[in-house]
Amino acid sequence: MDFLAALAILLVTAKSIEWAFERVEIHPIIAHVLTGILLGPFVLGVIEPTEELEVLAEFGLIMMMLYMGLTSNFSAIAQNTKKAVVVAGLGVAFSFFLGFATVYLFGKGVTAAIFIGVTLGNTAIEVTSGVLVKERVKREVSSILMGAAFADDIMAVYLIGVITALASGGLDVLSFGILTVKIFAFIAVTLLISEYVFKRARWFYSIVRNLNVFFTFTLILTFALAIIAEKVGLNQIIGAYLAGLTISRLRERKDPLVVTRIKLNELINDLQVVLTEFFIPLFFIYVGLMFNPPLADISLALIAALYLAAVLGKLLGCGLGARLFGLSWRDAVTIGIGMGGRGSLELAILTFGLSAGLIDQVLFASVIAVSMLTALTTPVFFKTYLKRAKT
């Protein structure tokens, strides 16, 4: 099929399903992935995952991570850094253990078990933030949730880099130490620059005032940090997210005329339409197009076991982390439930694992199903628990 025709069919179908799902408050990610599954090789076979679609999907993923960073509140995340890191760490650890054990017991091998264990450790920032927008929770709880979601993104991608090197046999103790230093140095330097450039530097004011220049600067910074992130062993998408997060610090500038905040909001609004209506859906559609496991090999028992591992890993790990800092059982469970959603970064990691040969189509399909289930059920569980806790 002609590329433009395929693109038009995919987008129209995806948006139609998304609008139908909006009425029952189902996350758009599910509509987009379902579009790829329905129109792709697994069901109808109308459209194949071509190189052109892959390029657009990769660009969409980078731009989505930029947008997520721009809309993040760095100051709210930084207020509870220690709590967020501990909560995220325990959530990753419990999810890894349960995910690893599940895949290993199903006979998929150690490498695949480690990869899926790490993948399940990730929490979707977009699902967590979506939950917080719709439900009122304490400021401390919301900042811990967002901080922990960001922290375990960093942990998950870092661990994927380590596992990839191990799988290729190219990682010894010295290389592991160098890789670790490079990754943390990159993150630290990026956040330090954000403190002195975006929050304090006077010369940056002239860039912000001209929206066209500001937009161009944002794109240059995004691609530069994405390339640097890849060079130091992280995924490109972490660089893109950090670019957005650093620019979002313009909200913290002392500006009596509020020009920087106005221009930042204008930038976000300009990006929002083209990203949410075109580039971001294309990434999730492409993930659906890659979904093509042998029907006879799909195991509902494996999907159910992985779903339980994903939900319980965050509930137990993150809940325990919150309790260690003296939060009430109610707040601890709220955090554990809120961290249960999976989404964009997990799907990005899965596509990488499939292309690198670390997992097969059955595991790829199973974890996609788990991601969609958690994105669907996490807001429901969160809302239901908060209602019961108030009574």
Discussion item. Please evaluate residues Ile228 and Lys231 with respect to the criterion side-chain contact (heavy atoms from CB on, under 4.5 Å), reporting the C-alpha separation (whole Å), side-chain torsions for both, the decisive distance (0.1 Å), and the verdict.
Written reply: CA-CA 5 Å; Ile228 296 171; Lys231 295 295 183 183; 5.5 Å; no
Worksheet entry | ILVMFWY cluster, Leu324 and Leu145 together (side-chain gap under 4.5 Å) | yes
Discussion item. The test is side-chain contact (heavy atoms from CB on, under 4.5 Å); show your working for Phe278 and Leu11 and say whether it passes.
Written reply: CA-CA 7 Å; Phe278 185 75; Leu11 286 172; 3.4 Å; yes
Discussion item. Tell me if a side-chain donor or acceptor on Gln361 pairs with a main-chain N or O of Met290 at a distance below 3.5 Å.
Written reply: yes
Worksheet, complete the sentence: Looking only at heavy atoms, the pair that brings Gly99 and Leu306 closest together is O-CD2, 4.5 Å
Discussion item. Tell me the closest heavy-atom pair linking Lys108 and Asp360, and the distance in Å.
Written reply: NZ-OD2, 4.1 Å
Discussion item. If hydrophobic clusters are built by linking Ile, Leu, Val, Met, Phe, Trp and Tyr wherever their side-chain heavy atoms come under 4.5 Å apart, do Met63 and Val273 end up in the same one?
Written reply: no
Discussion item. Rounded to the nearest 0.5 Å, what separates atom CG in Leu376 from atom CE in Met372?
Written reply: 8.5 Å
Practice prompt. Find the distance between CD1 (Ile47) and CZ (Phe3) and round it off to the nearest 0.5 Å.
Written response: 10.5 Å
Item to complete: Calculate, to the nearest 0.5 Å, the distance between atoms CG and OG1 belonging to Leu192 and Thr246 respectively.
Response: 12.0 Å
Worksheet entry | Steps toward side-chain contact (heavy atoms from CB on, under 4.5 Å) verdict (Asn210, Ile207) | CA-CA 6 Å; Asn210 188 319; Ile207 293 177; over 6 Å; no
Worksheet item: Is the count of non-hydrogen atoms from other residues, nucleotides or ligands lying under 6.0 Å from Phe21 atom CZ greater than 12?
Response: yes
Item to complete: Of all the heavy-atom pairs spanning Leu327 and Ile144, show the shortest one and how long it is.
Response: CD2-CD1, 4.0 Å
Worksheet item: Nearest heavy-atom pair of Pro379 and Thr374: which atoms, and what distance?
Response: CD-O, 4.2 Å
Worksheet entry | same_hphob_cluster(Val33, Val46) at 4.5 Å side-chain heavy-atom cutoff | yes
Discussion item. Taking Leu105 as the starting point, is it possible to reach Leu120 by hopping between hydrophobic residues whose side chains are less than 4.5 Å apart?
Written reply: no
Discussion item. For the CG atom of Leu363 and the CG atom of Leu350, what is their distance to the nearest 0.5 Å?
Written reply: 9.0 Å
Fill in: Any Thr50 side-chain heavy atom under 4.5 Å of Glu54 side chain
no
Item to complete: Would you mind reporting whether Glu230 and Ile227 have side-chain heavy atoms less than 4.5 Å apart?
Response: no
Practice prompt. Look at atom CG of Leu44 and say whether more than 12 heavy atoms of other residues, nucleotides or ligands are closer to it than 6.0 Å.
Written response: yes
Discussion item. With heavy-atom distances below 4.5 Å as the criterion, would you say the side chains of Val86 and Phe325 are in contact?
Written reply: yes
Worksheet item: Backbone N or O of Val92 within a donor-acceptor pair of the Ser95 side chain at under 3.5 Å?
Response: no
Worksheet entry | Greater than 12 external heavy atoms within 6.0 Å of Tyr104's OH | no
Worksheet item: Any side-chain heavy atom of Val367 sitting closer than 4.5 Å to one from Ile303?
Response: no
Fill in: Joint cluster assignment, Phe186 & Val189, ILVMFWY side-chain distance < 4.5 Å
yes
Discussion item. Let's go through Thr377 and Tyr307 carefully: what are the C-alpha distance in whole Å and the side-chain angles of both, what is the deciding distance for side-chain contact (heavy atoms from CB on, under 4.5 Å) to 0.1 Å, and is it a yes or a no?
Written reply: CA-CA 11 Å; Thr377 58; Tyr307 175 75; 2.8 Å; yes
Worksheet entry | Nearest heavy-atom neighbours spanning Val87 and Ala148 | CG1-CB, 4.0 Å
Discussion item. Within the structure provided, determine whether Thr218 and Phe223 are in side-chain contact (heavy-atom separation under 4.5 Å).
Written reply: no
Worksheet item: Any side-chain heavy atom of Leu56 within less than 4.5 Å of one from Phe283?
Response: no
Worksheet item: Is a side-chain donor or acceptor of Lys314 paired with a backbone partner of Gly121 at a separation under 3.5 angstrom?
Response: yes
Item to complete: Determine whether the aromatic ring centres of Phe364 and Phe291 lie less than 6.0 Å apart.
Response: no
Practice prompt. Find the distance between CZ (Arg209) and CZ (Phe214) and round it off to the nearest 0.5 Å.
Written response: 14.0 Å
Worksheet item: Side chains of Phe59 and Met64: does their closest heavy-atom pair fall under 4.5 Å?
Response: no
Worksheet item: CG/Asp270 to NZ/Lys263 distance, rounded to the nearest 0.5 angstrom?
Response: 10.0 Å
Fill in: Candidates Ile37, Leu61, Thr351 - the one meeting side-chain contact (heavy atoms from CB on, under 4.5 Å) with Val287
Thr351
Fill in: Closest non-hydrogen atom pair between Thr35 and Leu10, with its separation
CG2-O, 3.6 Å
Worksheet item: Tell me, do Leu271 and Phe215 make a side-chain contact under 4.5 Å, heavy atoms counted?
Response: yes
